[in-house]
Amino acid sequence: MRTRFAPSPTGPLHVGSVRTALFSWLAARHAGGEFVLRIEDTDQERYIPGSEALILETLQWLGLEWDEGPEVDGPHGPYIQSLRTEMYREHAEILVQRGAAYWCTCTAERLAAMRDEQRRRSEPTRYDRRCLTRQDEVDAERSAGMPAVLRLRMPDGTTEWDDLVRGAVSFDNADIDDQVLLKSDGFPTYHLAVVVDDHLMRISHVIRSDEWIPSTPKHLALYAAFEWTPPRFVHVPAVLGADGLKLSKRRGARNVLDYGEMGYLPSAIVNAMALLGWSSGSDEELFTQSQLCERFTLERIHPAPAVFDPARLDHLNGQHIRLLPAEALVEALEYHLPGSSKDTRRSLVPMLRDRMVTLADAATLADPLLHEWDWDDAIEFPPRKVDAATARAVIDACIDSVQHGGLGDLDAMRERIKAAAENTGAKPRDAFRALYVAVLGTPAGLPVLESMAFIGAERSLERLRTARQRLNVRKIPAS
RNA sequence: GCCCGCAUCGUCUAGCGGUCAGGACACCACCCUUUCAAGGUGGUAACCGGGGUUCGACUCCCCGUGCGGGUACCA
């Protein structure tokens, strides 16, 4: 099996396009075949400088390495269409010779008027073949320098193919336009280029998004005209946003690389994308890359479009974070805890790992341990369900415990504080919240006692005393 | 307008004529617990509508409806 991903360099990749790339990659890896990357830059007007590099970076980051393509030599190169224009012209010539294509000098205005008229008459919009019946004149016009395009002469009859995810799909050729193959600037259109490239690159399975279904008959007509065996077609469903509309750049679909910035793991993103339109058939849903390669088959792709659910990604990201060996997490956290030492991260990881949804959460969670923080009025202290007397008792017990026992025996300390809380009649779970606020500035955070051990006795005592002081200040006007 | 595709809980999905329609996310409750998480247990929640076919339809067929896509010298 040979599959390919053929993006056009018109901007960064979003989840929708990368999901198609992932399916192609997985199919190839599962079968032990090759995955090729090809850049389809035949439209110089839509080209966005730098996006090609972005595409390569995205694929590399996700671990979807290609066997042939840009930066990787292969026997079927070059893998950038703008470098292959000569091949397209040669093949176009074959089509002309065989009568499968013809030149056309119709102006954009005429074409537009023609379509308006067809629409008015409830007919399918397609080229009326005016130039087909006057090829001699067209030849003369061309040699006089008039711009011309080469059109596919769509054969009569019907076109049918067995799509790997849709089953039998068929079209009446009469509804299909005589597609432009060579633009007047000499560049091929997508339709000519894909067919020529997929054939020359020996692609066995064309895996692409289902918006290509209507143009597949054109491609099949081309394969027939060249007398080539067509590949299997695999049209995968669209990925929709929460609004039910197809993900697209112009609707603000996120650059996949941004997810890295936000603290998502490549393995989690890959896992989440694989589950969009594909299922293993079992109840398992948490997969590593290699497990996916093992189980993925094109036949199990679900044909309906899928809504991308960020909550699902969040969940999977947490799972993948917990799947990571501690030392790998220490590495992964470097970006999100800038300036932290490896040792610092090593002691933070046990506290962080069960509490992170994204790696970026580490920064928020660890902040009170890495920096001093200031009290402000937004901090409720003592916190809900804790009265001042309990807060005082708990903090005093904690201070005393640190002063006398240090931070070596957290268990003993915990018991000591619990006892103090129970003395005041409070539930330990509530009372402890006062301690959290005192040390971390928030009632919800990393384990306090461990946090204190991390910041050390001196800083701990300092924070506890400040909090204790605050209780006194409050107490005065109250009594 | 014309053409094509799709249709199971809110979301992702399993199902391939006979199931109490299963799982996961999210949500709710409880348990565990030094907070919050993580983890565990349980719960709420779905076959778009109408006709057929069949002893029997979520499943097969037709028609609607809804949604998506195509209809370019864009991919």
Side-chain angles (χ1 to χ4, degrees), chain A residues 6-8 10 40-43 45-46 104 106 108 111-112 115 118-126 147-151 163 166 169-172 174-177 179-185 187-191 193-194 208-217 235 237-238 240 242 244-246 272 275-286 302-316 318-319 322 351-357 361 365 383 394 410 413-414 417-418 421 428-437 440 442-450:
Chain A
S8 46
T10 53
E40 310 225 318
D41 57 346
T42 52
D43 185 6
E45 282 178 29
R46 293 209 312 162
C104 170
C106 288
L111 261 18
R115 289 184 192 115
Q118 289 167 337
R119 209 171 288 241
R120 197 165 15 249
R121 293 203 305 248
S122 297
E123 291 170 4
T125 54
R126 56 188 174 143
V149 299
L150 186 71
R151 283 181 186 278
D163 198 284
R166 317 275 163 176
V169 183
S170 73
F171 281 83
D172 183 346
D175 293 325
I176 314 252
D177 204 2
Q179 180 63 48
V180 169
L181 264 19
L182 240 33
K183 299 182 247 186
S184 55
D185 64 3
F187 272 79
T189 58
Y190 169 83
H191 306 280
V194 248
R208 56 176 26 163
S209 84
D210 67 4
E211 71 203 46
W212 294 106
I213 289 176
S215 35
T216 303
H235 288 103
L240 277 25
L245 297 174
K246 196 180 146 178
L275 261 19
L276 278 179
W278 175 84
S279 67
S280 71
S282 74
D283 281 345
E284 304 144 278
E285 306 205 322
L286 180 64
H302 186 74
V307 174
F308 174 62
D309 181 9
R312 194 84 184 286
L313 208 214
D314 280 349
H315 173 257
L316 286 169
Q319 297 293 318
R322 268 152 244 139
M351 290 188 265
L352 290 171
R353 80 179 307 145
D354 283 348
R355 274 165 261 261
M356 289 187 286
V357 168
D361 292 338
L365 253 13
V394 159
L410 263 29
M413 202 165 151
R414 171 169 43 248
I417 296 165
K418 259 175 145 172
R429 54 182 297 112
D430 292 328
F432 261 92
R433 250 194 303 275
L435 216 49
Y436 276 84
V437 177
L440 305 171
T442 162
L446 264 22
V448 238
L449 269 27
E450 287 80 351

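Lettering of chains follows the sequences in order, A, B, ..., and the numbering in each one begins at 1. Scope of the values below: all heavy atoms of this structure, side chains included, with no hydrogens, waters or symmetry mates.
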What pairs of nitrogen or oxygen atoms, one from the protein and one from nucleotides 18-21 of chain B, lie under 3.5 Å apart?
none

Between the protein and nucleotides 28-31 of chain B, list the N/O to N/O atom pairs that are separated by less than 3.5 angstrom.
none

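Residue contacts for F171(A): at a heavy-atom cut-off of 4.0 Å it reaches the sugar-phosphate backbone alone, with no base atom in range.
For T125(A), there are no side-chain hydrogen bond (donor to acceptor under 3.5 Å, both in side chains) partners two or more places apart in sequence or in a different chain. Taking the side-chain hydrogen bond (donor to acceptor under 3.5 Å, both in side chains) definition, one finds that K418(A) meets it with nothing, sequence neighbours left out. Legend: residues meeting side chain to side chain contact (heavy atoms under 4.5 Å, CB included) with V169(A), ordered by chain and number and at least two apart, are W161(A), D163(A), R166(A), F171(A), I213(A). With sequence neighbours excluded, the residues forming a side-chain hydrogen bond (donor to acceptor under 3.5 Å, both in side chains) with R121(A) are E117(A), E123(A), listed by chain and number. E284(A) pairs by the side-chain hydrogen bond (donor to acceptor under 3.5 Å, both in side chains) definition with S282(A), R295(A), not counting sequence neighbours. Residues satisfying the ring pair (Phe, Tyr, Trp, His ring centres under 6.0 Å) test with Y436(A), not counting sequence neighbours, are none. For R46(A), the side chain to side chain contact (heavy atoms under 4.5 Å, CB included) criterion is met by S8(A), T10(A), D43(A), not counting sequence neighbours. Qualifying ring pair (Phe, Tyr, Trp, His ring centres under 6.0 Å) partners for H315(A), counting only residues two or more places apart in sequence or in other chains: none.
Here the closest non-hydrogen pair linking P443(A) and V437(A) is N-CG2, 3.8 Å.
Computed from coordinates, the D283(A) CG to rA14(B) P distance equals 12 Å when rounded to whole Å. In this entry the distance linking CH2 of W278(A) with C1' of rC12(B) reads 13 Å, nearest Å. Atom CG of D309(A) and atom P of rC25(B) are 11 Å apart (whole Å). Atom CG of L286(A) is separated from atom P of rU13(B) by 18 Å (rounded to the nearest Å). Per the geometry, CG belonging to L276(A) stands 7 Å off P belonging to rU13(B), to the nearest Å. In this structure, H302(A) atom NE2 and rC6(B) atom C1' are separated by 8 Å, rounded to whole Å. Residue E123(A) contributes atom CD, which lies 11 Å from atom P of rC2(B) at whole-angstrom precision. Atom CG of D430(A) and atom P of rU33(B) are 15 Å apart (whole Å).
Partner assigned to rA21(B) is none, using Watson-Crick or G-U wobble distances below 3.5 angstrom. Base pairing of rC60(B): its partner is rG52(B), meeting the Watson-Crick or G-U wobble criterion (both donor-acceptor distances under 3.5 Å).
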Readout for nucleotides 60-75 of chain B: B = base within 4.0 Å of protein heavy atom, S = sugar-phosphate only, - = neither; 5' to 3' it is --------SBSSSBBB
For nucleotides 36-49 of chain B, 5' to 3', base contacts (B), sugar-phosphate-only contacts (S) and non-contacts (-) with protein non-hydrogen atoms under 4.0 Å give BBSS----------
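Taking atom C1' on both nucleotides, rC9(B) is separated from rC47(B) by 10 Å, rounded to a whole Å.
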